[in-house]
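Following: one structure in structure tokens, then a few remarks.
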Amino acid sequence: LALVVTLAVAVLANAAVFWHSPDLIKFGAFLSISLISAGARVRVPGVTEPLPVSYLFVLLGLVELTTPETILLACGVALVQCYWNQLMRPRISFALLQVALMIVAAGAAERVYHSAWFEFSDVDTSLRLAVATLGLFLINTAPMAAWTAIIEHEPFAAVWLRSSFW
């Protein structure tokens with residue numbers, strides 16, 4: 001938990017230091033819509049937990065927003081997602097882990113999507129977005145499944161498959 005939170009603080013600090021928003025109205029619209037729909041979840045057959053819609057907004061942010069804007073959007077969405085429209089309030093440690101993972105995952109996805117190699121090699125936007133999506137998914141789901149597996153004394157693979165794949 002301490003490592004993930006430390007990484008998240010570093011990503012947030014980097015976003016704050018290099019903050020710039022060329023279009024505040026666009027960012028405000030993205031942020032408002034993403035926060036309003038952060039509590040929305042989609043039920044998928046075969047998956048025990050409903051899937052959050054927030055990934056979509058973080059991925060759109062990769063393409064349409066600056067890096068600091070996307071990081072802030074990811075932080076806000078994860079925080080709202082933890083507490084809005086939940087049957088039970090999560091423990092603070094769980095919420096902190098979830099928000100920190102989303103921040104780190106969004107930061108990693110930004111680095112992948114805007115990597116110099118992709119830019120230099122003129123890799124198609126859809127492929128860059130697919131690789132960034134994979135990074136966002138893995139960094140956000142694997143540690144959370146590990147945390148849950150430890151708490152519930154279950155095998156990691158079973159928890160990850162049950163909670164993250166359909």
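Since this is a predicted model, take the numbers as computed values, not measurements. Quick note: numbers below take in every heavy atom, side chains included, and nothing from hydrogens, waters or symmetry partners.
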- Do other residues, nucleotides or ligands put more than 12 heavy atoms under 6.0 Å from Tyr83 OH? yes

- Task: Show your working on side-chain contact (heavy atoms from CB on, under 4.5 Å) between Leu60 and Phe30 and close with a plain yes or no.
- Result: CA-CA 9 Å; Leu60 284 172; Phe30 262 85; 3.8 Å; yes

- Message: Run the ring pair (Phe, Tyr, Trp, His ring centres under 6.0 Å) test against Phe27 and tell me which residues pass, sequence neighbours left out.
- Response: Trp19

- Smallest separation among heavy atoms of Cys82 and Val99, with atom names: SG-CG2, 4.1 Å

- Query: In terms of hydrophobic clusters joined by side-chain contacts under 4.5 Å, are Val9 and Phe94 together?
  - Reply: yes

- Query: Looking at CD of Gln98 and CE of Met144, how far apart are the two atoms once the value is rounded to the nearest 0.5 Å?
  - Reply: 4.5 Å

- Tightest non-hydrogen contact, residues Val104 and Val4, listed as CG2-O, 3.9 Å

- Nearest-0.5 Å distance, CG of residue Leu35 to CG of residue Leu79: 9.0 Å

- Message: Return the OG1 to CZ distance between Thr148 and Arg162, rounded to the nearest 0.5 Å.
- Response: 8.0 Å

- Message: Just to verify, what does Phe156 make a ring pair (Phe, Tyr, Trp, His ring centres under 6.0 Å) with, not counting sequence neighbours?
- Response: Trp160

- Query: Under a 4.0 Å N-O cut-off, is there an ion pair linking Lys26 with Glu69?
  - Reply: no

- Task: List the atom of Thr6, the atom of Ala2, and the distance in Å for their closest heavy-atom pair.
- Result: OG1-O, 2.7 Å

- Note on the structure: Minimal heavy-atom distance between Phe137 and Thr141, with the atoms involved, is O-OG1, 2.6 Å

- Item | Qualifying ring-ring contact (aromatic ring centres under 6.0 Å, His included) pairs with a residue from residues 106-134, counting only residues at least two apart or across chains | none

- With sequence neighbours excluded, what pairs up with Val58 under the side chain to side chain contact (heavy atoms under 4.5 Å, CB included) test? Thr70, Leu73, Ala74, Met102, Ala106, Leu136

- Query: Please walk me through it: do Arg128 and Val112 pass side-chain contact (heavy atoms from CB on, under 4.5 Å)?
  - Reply: CA-CA 7 Å; Arg128 290 169 40 196; Val112 168; over 6 Å; no

- Query: Within the distance-only criterion (no hydrogens, no angle test), does the side chain of Glu152 pair as donor or acceptor with the backbone N or O of Ala149 below 3.5 angstrom?
  - Reply: no

- If you group Ile, Leu, Val, Met, Phe, Trp and Tyr by side-chain heavy-atom gaps below 4.5 Å, do Leu134 and Leu59 land in one group? yes

- Query: Residues two or more places apart in sequence or in another chain: which of them pass side chain to side chain contact (heavy atoms under 4.5 Å, CB included) with Ala108?
  - Reply: Ile139

- Rounded to the nearest 0.5 Å, how far apart are OG of Ser34 and CG of Leu56? 10.0 Å

- Item | Ile103 with Val80, same ILVMFWY side-chain cluster at under 4.5 Å | no

- Message: Test: salt bridge (Lys or Arg N to Asp or Glu O under 4.0 Å). Region: residues 95-111. Which pairs qualify, not counting sequence neighbours?
- Response: none

- Query: Under 4.5 Å between side-chain heavy atoms, hopping through other hydrophobics if needed: is there a path connecting Val123 to Leu62?
  - Reply: no

- For Leu127, does the CG atom have more than 12 heavy-atom neighbours from other residues, nucleotides or ligands under 6.0 Å away? yes

- Message: Quick check: is Leu96 connected to Leu101 through a chain of hydrophobic side chains (ILVMFWY, heavy atoms under 4.5 Å apart)?
- Response: yes

- Is a donor on one side and an acceptor on the other found under 3.5 Å between the side chain of Thr66 and the backbone of His20? yes

- Note on the structure: CD (Glu64) and CZ (Phe57) are apart, to the nearest 0.5 Å, by 13.0 Å

- Item | pair Pro143-Leu97: side-chain heavy atoms closer than 4.5 Å | no

